[in-house]
Amino acid sequence: MERSSATSGGSTRREATRQKLYEAAVTLIAEQGFSATTVDEIAERAGVAKGTVYYNFASKSVLFEELLRHGVGLLTASLREAAERTAGAGGGKVDALDAMVRAGLVFIDRYPAFTQLYVAELWRTNRVWQSTLLVVRQQAVAVVEDVLRAGVDNEEFGAEIDIPLTAAALVGMVLVAALDWQAFQPERSLDDVHSALSRLLQGRVSGPC
């Protein structure tokens, strides 16, 4: 038991350290770009020794790749939780999608620097982590696909819906709208932005009554 507790404590401390490194890296890279950001700066911002960075990650590129995994993993989990919570409350699939839109906005509002990096990296083709980025992106989109597919199966949505494209479009809509909100309409509340996207969702996915 003592060994287990020690192991658990060590794991918890390492996760806390990795979290600090993620936060430092995402902030610095958002401010000055990946190439201009050094491991020394990441360590300093995180309040750890440079060796701690290399103890947790083999290189700056590996750190950034794991940062992408970590961030999109959090987004995916929040989308899935929103869908499951709606289903548990007896809501339909449009309700689930609407809850996922809100969950996405909440995530982006909480992690704006990560979201900016993620969207920027989606358009790059010369990064060593490109394949990883595509995999984690598909994990997030797949959660939306599952809800759309279930909606088609229970005839809440029409069978003509292109599920992969619609799922990608919904995720993209939330990402782009949220970044536009933060950059150009920061005076609007999250509830206001969600309400606007909700009306768009109702018209485009559920269709006219």
ask   = Going through the distances and angles, do Glu65 and Phe57 end up as a side-chain contact (heavy atoms from CB on, under 4.5 Å)?
value = CA-CA 10 Å; Glu65 184 172 352; Phe57 305 100; over 6 Å; no
inquiry  = Tell me whether Arg102 contacts the main-chain N or O of His194 through its side chain, where contact means a donor paired with an acceptor under 3.5 Å.
reply    =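 It does not hold such a pair.
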query = Just by distance, do the side chain of Ser195 and the backbone of Asp191 share a donor-acceptor pair under 3.5 Å?
reply =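 Such a contact is absent between Ser195 side chain and Asp191 backbone.
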Single-linkage hydrophobic cluster, 4.5 Å side-chain cutoff, [X] and [Y] together:
X	Y	value
Val171	Leu200	yes
Leu201	Val176	no
Val135	Phe114	no
Leu134	Trp123	no

request  = Mind running side-chain hydrogen bond (donor to acceptor under 3.5 Å, both in side chains) on Gln19 and Glu23 for me, showing each step along the way?
outcome  = CA-CA 6 Å; Gln19 182 64 39; Glu23 291 173 359; 3.1 Å; yes
For [X] and [Y], which heavy atoms make the closest approach, and how far apart are they?
X	Y	answer
Ala96	Thr86	N-CG2, 3.6 Å
Asp98	Ser198	OD1-OG, 2.8 Å
Ile163	Arg149	CD1-CA, 3.7 Å
Leu148	Ala167	CD1-N, 3.6 Å
Val53	Ala43	CG2-CB, 3.8 Å
Pro164	Glu145	CA-OE2, 3.5 Å

task = Scan residues 71-93 for pairs that pass salt bridge (charged side-chain N to carboxylate O under 4.0 Å, His left out), counting only residues two or more places apart or in two chains.
result =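 Found Glu81-Arg85.
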inquiry  = Quick test of your reading: applying salt bridge (charged side-chain N to carboxylate O under 4.0 Å, His left out), list the pairs with at least one residue in residues 31-48, sequence neighbours left out, ordered by first then second residue.
reply    =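 Sorted result for residues 31-48: Glu31-Arg45, Asp40-Lys50.
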Would you check if [X] and [Y] make a side-chain contact, meaning some heavy-atom pair closer than 4.5 Å?
X	Y	value
Ile108	Gln182	yes
Leu170	Val101	no
Val72	Gln139	no
Phe157	Thr166	no
Trp181	Asp109	yes
Arg14	Tyr55	yes
Leu117	Phe64	yes
Glu121	Trp129	yes

query = Should the ring pair Phe107 and Tyr111 be called parallel, tilted or perpendicular, given that the plane angle runs from 0 to 90° and is split at 30 and 60?
reply =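 Aromatic pair Phe107/Tyr111 classed tilted.
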ask   = Angle class for the His70/Tyr22 ring planes (parallel below 30°, perpendicular above 60°, tilted otherwise)?
value =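 Aromatic pair His70/Tyr22 classed parallel.
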query = Any chance CD of Glu187 has more than 12 other-residue heavy atoms, nucleotides or ligands included, within less than 6.0 Å?
reply =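 Yes, the 6.0 Å shell around CD holds more than 12 heavy atoms from other groups.
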ask   = Counting only heavy atoms not in Arg188, do more than 12 fall under 6.0 Å of its CZ?
value =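 Enclosed.
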key: OG1 on Thr38 to CG on Leu28, rounded to 0.5 Å   =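 Going from CG on Leu28 over to OG1 on Thr38, the span is 8.0 Å.
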ask   = Distance from Leu105 atom CG to Asp192 atom CG, nearest 0.5 Å?
value =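 Between atom CG of Leu105 and atom CG of Asp192 there are 11.0 Å.
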Criterion salt bridge (charged side-chain N to carboxylate O under 4.0 Å, His left out) on Arg69 and Glu66, from CA distance to verdict = CA-CA 5 Å; Arg69 288 184 185 275; Glu66 289 303 313; 3.6 Å; yes
